Amino acid sequence: MVSAVPDFVSPDQIRARFAAGLSALYRAEVPLYAALRDIVAAVEAEMAGGSDGGAVERHGAIRVGTPDEMRLVARLFAVMGLHPVGYYDLAPVGVPVHSTAFRPITAEALAINPLRVFTSLLRLDLVEDPALRAEAAAILARRTIVAPATLALVERAETAGGLTPGEAEAFIAGALDVFRWHGTARVDAATYQRLLGAHRLVADVVAFGGPHINHLTPHSRDIDRVQAEMAARGLPAKATIEGPPRRRVPILLRQTSFSAVAEAFVPAGADPATAPLRHTARFGEVEQRGAALTPAGRARYDACLAALREEGAAPEAAFAAFPDDFAALHAAGLAYARYVPTGRAGPAASLAEALARGLITAEPITYEDFLPVSAAGIFRSNLAEADQANATAVSSQAELEAAIGRPILDPFALYQAIAEASAAAALTALGCGLADTARA
Ligand code: OOG
Ligand code: NI
């Protein structure tokens with residue numbers, strides 16, 4: 001019998017190939033990023049056990065201009081198995097965007113390819129000058145960021161339930177096109193300067209043909225060494241690593257980056273023979289991920305960070321209240337855990353008892369999301385000091401969800417579900433599900 005189900009390429013495979021294409025594209029567009037990749041690879045190769053796959057990017061970032069563009073990229077990302085997780089409001093720190101991360105949501109999908117895309121929607125309502133706001137909106141309304149042939153493939157994936165190998169190949173090429181750099185602006189030099197005057201982010205989003213990939217970020221197991229190596233090789237590294245200080249048990253996310261490069265572009269209507277203008281927005285970043293924290297852990301983390309920033313305490317002192325031992329973090333309810341059977345058998349009336357008897361161990365769950373404070377630091381280190389938007393706007397997850405066309409998933413709920421599923425599986429593997437044990 002001939003199967004009625006067509007031979008579709010899995011979304012995870014589409015994402016893996018898209019990620020490889022994006023990496024090649026960005027290395028070609030931003031040579032300094034290729035240098036950063038070399039440093040990360042060298043540090044990884046020198047570490048015990050050799051490279052852990054630092055060759056694969058863990059995230060990238062884009063910025064879109066309108067709710068319709070947000071909806072379009074959300075549909076494009078869905079074809080490659082990326083779903084909106086987490087709401088990040090950057091307005092309170094003076095960046096006129098709100099954001100989500102499109103990311104894989106299962107351990108299996110993350111293992112095949114972990115690429116996430118931090119996606120920000122410009123908030124033109126935060127541009128103070130009404131004339132400029134209207135002008136920017138009109139400019140954005142006239143651009144098409146996804147070519148019709150690519151959009152047709154998105155629709156095909158949505159209606160047919162997937163893409164055949166040939167369709168997937170065309171889709172990946174079309175998707176890469178959406179995120180490439182446009183060396184020619186859609187606005188003239190005077191308009192570019194006016195947009196820049198409102199906020200550098202406004203110029204970055206509005207002046208060009210599409211949401212160019214803004215940075216890519218490989219992973220390193222030793223971000224401090226990458227940071228030192230960047231300085232040694234003369235890369236313009238940002239002064240500090242964002243996130244928690246170096247610890248025995250890494251938590252959440254540590255990040256560093258090199259400053260944005262000045263890229264040549266030709267304004268609309270300009271003679272290409274005259275000297276081009278330069279746009280400074282795109283950079284390269286490195287991340288090191290640690291354990292996902294519970295809401296209680298996150299609150300403790302935020303308090304430590306506040307102490308660090310407001311009281312000027314040394315990082316180690318500010319984080320002294322945070323246990324640096326996974327068993328202690330877990331026992332205090334600060335970190336999520338994946339529960340793994342140790343292979344030892346025995347009775348246990350509860351998960352706690354199984355843990356206490358050494359029948360099950362608790363392992364950290366890697367944090368797969370972003371940190372608003374770090375994101376603000378990353379944005380800011382690539383903006384001029386004077387770039388400050390109106391910080392009084394109200395945050396609106398509902399507005400961003402309306403643009404995306406579906407609810408944004410709660411990261412805490414995803415970690416909790418992983419923890420619970422692993423607990424149930426571990427207890428079952430032990431041959432003493434809680435109900436059985438209760439009866440015994
Ligand atoms: C996104 C900045 C946020 C991160 O790693 O926190 C980010 C942007 O610059 O568009 O990528
Ligand atoms: Ni980033």
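Basis for what follows: all heavy atoms, side chains included, without hydrogens, waters or symmetry-related copies. Positions are given from 1, in the same order as the sequence printed here. What you are looking at is a predicted structure, and each value in this text was computed from that prediction instead of being measured. Both ligands and their constituent atoms are indexed starting at 1 by order of listing.
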* Does CZ in Arg156 sit with more than 12 non-hydrogen atoms of other residues, nucleotides or ligands closer than 6.0 Å? -> no
* At the 4.0 Å heavy-atom cut-off, does Glu287 count as touching ligand 1? -> no
* **Results of side chain to side chain contact (heavy atoms under 4.5 Å, CB included) for Thr240 - residues two or more places apart only** => Lys238
* Salt bridge check: are Arg103 and Glu368 linked by an N-O gap of less than 4.0 Å? -> no
* Distance flag, aromatic centroids of Tyr339 and His330, threshold under 6.0 Å -> yes
* Under the side-chain hydrogen bond (donor to acceptor under 3.5 Å, both in side chains) rule, collect the residues that match up with Arg143, sequence neighbours excluded. => Glu69
* Asked: Among the N, O or S atoms that Glu285 has, which is closest to the Ni ion (ligand 2)?
  -> OE1
* To do: Considering the heavy atoms of Glu285, write down every atom of ligand 1 situated less than 4.0 Å from one of them.
  => 4 (C), 5 (O)
* **For the Ni ion (ligand 2), the closest N/O/S atom belonging to His59** => NE2
* Asked: So is Gln255 polar-close to ligand 1, meaning N/O to N/O under 3.5 Å?
  -> yes
* **Ring centers of Phe171, Phe18 separated by less than 6.0 Å** => no
* Structure fact -> Numbered in order shown, the ligand 1 atoms found under 4.0 Å of a heavy atom of Phe370 are 4 (C), 5 (O), 6 (O)
* Asked: Relative to the Ni ion (ligand 2), which of the N, O or S atoms in His215 is the closest?
  -> NE2
* **Heavy-atom gap Glu242 to ligand 1 smaller than 4.0 Å** => no
